[in-house]
Structure formats: structure tokens, C-alpha cells
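Scroll down for the structure; my scribbles are underneath it.
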Amino acid sequence: MTRLAPSILAADLAQLGEEVAACEAAGADRIHIDVMDNHFVPNLTMGPGTVAACRRHTGLPLEVHLMVLEPDAIIPAFVAAGAGLVTVHAEAVRQLHRTVASIHRLGAQAGVGVNPATPVGWLEDILPEVELALVMSVDPGFGGQPFLPRALDRLRELRRLRDAVGARCELEVDGGVEADNAVACAAAGADVLVAGSAVFGVPGGAAVGLACLLDRVGRGPARL
Ligand code: DX5
Ligand code: ZN
């Protein structure tokens, strides 16, 4: 089953509680929280307080996507705020194995991601250690960017690597995912689709956006 993780980067942050509750009601599997530090990426977004605010409004798992250089010192605050899974970038961490182990020691699941121009092979040796591997399908930093089709090849390659090393982690794709490429992402190996604009930025908002994506991945309402 393909899972959907709405990115609240595209939500109406003045209505965050209602937005995450709408995602839960519409069938989202988890909430994706994009954390940017203005160093790893040229933008600044949310912190542990946003995670805690989401935690008060949904029972869904919260995954934090840290687009943060050398994030080790701040990770405990995100887990304490309610993050169940913390994803770091391979390009942003000096000792990836140590960071992954520290996330696990905090009681959270660990994810590792790569930017579009980073070889997915960078993740090969860490795949057995993590719960999630993230293929970025845009350069991180902003929502609403167009999907880079090369991500599909990269998902296929990462799936091959994962299976070759006998790892069981989920594969996730993030950036520019929408109704027209959701099926291709799933077919290429993505277990989890992150979507911001395609969920919150469509007429009707999260209820409509999620229904459309769920339908595309074969999880729509049963038809007679
Ligand atoms: C990009 C973020 C993504 C992105 C998703 O830096 O990690 O989560 O905002 O938003 P859309 O779906 O609008 O590309
Ligand atoms: Zn993200």
C-alpha cells in the first residue's frame, strides 16, 4: 500500500490545527514537517514548537524532515515534541551512522535523505540501519517546485540497492509529487509519497487533494 504524507509547508499555518485534523480525516497516513535552517537550504521554516502544536491536533505519526546542517544538537527537542521519525540529509551530517544511532536511542525512527544531485549509492551502507530512505525529487528549500523526472530512475536504483542488501526500510519521495506523477512514483518503488501543494494548494484543500491522491494510488472509495 502506498502511503501519503502531507507536508504542512503548504498548509495555512494560521489554521494549522484544522489543517492537520483535515488530513487525518481525509485518510493521510502521517504528517510531514519540513524544517529548514537557512544554511543547508535558503529558507527558514519550523521548529520543535510546530511539531508540538501538530501533536495536539492529530493522532497521526509525525515525521520531521530536517533540512538542517549538522542537526545533532537539535534532534532531541524534535523527538521530545512528538516526532516519531526524524529524517536527516546525508549531505548535512558528518557521521551519519552516529546520528542515526542517536535518533534510535531517543526512541524515534530514523530516515536519511539525498538531494537530487547526490548519488543514491551514498545511502547503500546505511540502508539496513534506517526505517526510511528519502529521494528528493526537487532541490530542497521550497514547496511548489516542479518534479524532477530523474527521481523515478533514482527510486528504482535505491529499491534495487535496498533489496540487494536485504534492508527493509521504506522508500519515500518528496517534492513536486502530484496526481499526475503519483502512480509513476509508486511504480518506481516509493512506499511513501510526500505532497504539499497537491494536498493543501488545490481548490477544496486537504480533503479534496488527499482524496485525489488516494484515488490515484488505488486507495480511493470503492466503486460499484
Ligand atoms: C521541499 C520539502 C518538501 C516540499 C513538498 O524542500 O522538503 O516537503 O515542500 O511540497 P510540494 O509537494 O509542494 O513540492
Ligand atoms: Zn520534505
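Counting convention: from 1, in listed order, for ligands and their atoms alike.
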Would you mind running through ligand 1 and noting each atom that sits below 4.0 Å from a heavy atom of [X]?
| X | result |
| --- | --- |
| Gly144 | 11 (P), 13 (O), 14 (O) |
| Ala195 | 12 (O) |
| Gly143 | 9 (O), 10 (O), 13 (O) |
| His65 | 7 (O) |
| Pro140 | 6 (O) |
| Leu9 | 9 (O) |
| Ser197 | 11 (P), 12 (O), 13 (O) |
| Met67 | 6 (O), 7 (O) |

Any non-hydrogen side-chain atom of [X] less than 4.5 Å from a side-chain atom of [Y]?
| X | Y | answer |
| --- | --- | --- |
| Phe40 | Asn115 | yes |
| Leu171 | Arg159 | yes |
| Leu44 | Met36 | no |
| Asp34 | Asp174 | yes |
| Arg30 | Leu4 | no |
| Asp180 | Arg216 | yes |
| His32 | Ile8 | no |

- Among N, O or S atoms, His65 approaches the Zn ion (ligand 2) most closely through ND1
- N/O/S atom name from Asp34 that is nearest to the position of the Zn ion (ligand 2): OD1
- Query: Taking it one step at a time, do Glu131 and Arg168 satisfy salt bridge (charged side-chain N to carboxylate O under 4.0 Å, His left out)?
  - Reply: CA-CA 7 Å; Glu131 283 74 36; Arg168 294 164 166 267; over 6 Å; no
Nearest protein heavy atom to [atom], by residue and atom, and its distance?
| atom | answer |
| --- | --- |
| atom 14 (O) of ligand 1 | Gly176 N, 2.8 Å |
| atom 6 (O) of ligand 1 | Gly141 N, 2.8 Å |
| atom 1 (C) of ligand 1 | Phe142 O, 3.6 Å |

- Task: For atom 5 (C) of ligand 1, state which one of Asn43, Val199, Asp174 supplies the nearest heavy atom.
- Result: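 The nearest heavy atom belongs to Asp174.
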- Can you tell me if Thr2 uses its side chain to pair, donor with acceptor, with the backbone of Ala186 under 3.5 Å? no
- Do any nitrogen or oxygen atoms of Gly196 lie less than 3.5 angstrom from nitrogen or oxygen atoms of ligand 1? yes
- Purely on distance, is any nitrogen or oxygen of Gly175 under 3.5 Å from one on ligand 1?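 No, Gly175 has no N/O under 3.5 Å of an N/O on ligand 1.
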- Item | Donor + acceptor pair across side chains of Glu172, His65 (<3.5 Å) |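 No donor-acceptor contact under 3.5 Å links the two side chains.
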- Within reach of ligand 1, part of Met36 (heavy-atom separation under 4.0 Å): side chain
- Rounded to 10 degrees, the angle OD2 of Asp174 makes with NE2 of His32 at the Zn ion (ligand 2):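 About 100° at the Zn ion (ligand 2).
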- Message: Which residue is it: Val194, Val199, Ile31? I am looking for the one with a side chain to side chain contact (heavy atoms under 4.5 Å, CB included) to Ser7.
- Response: Val194
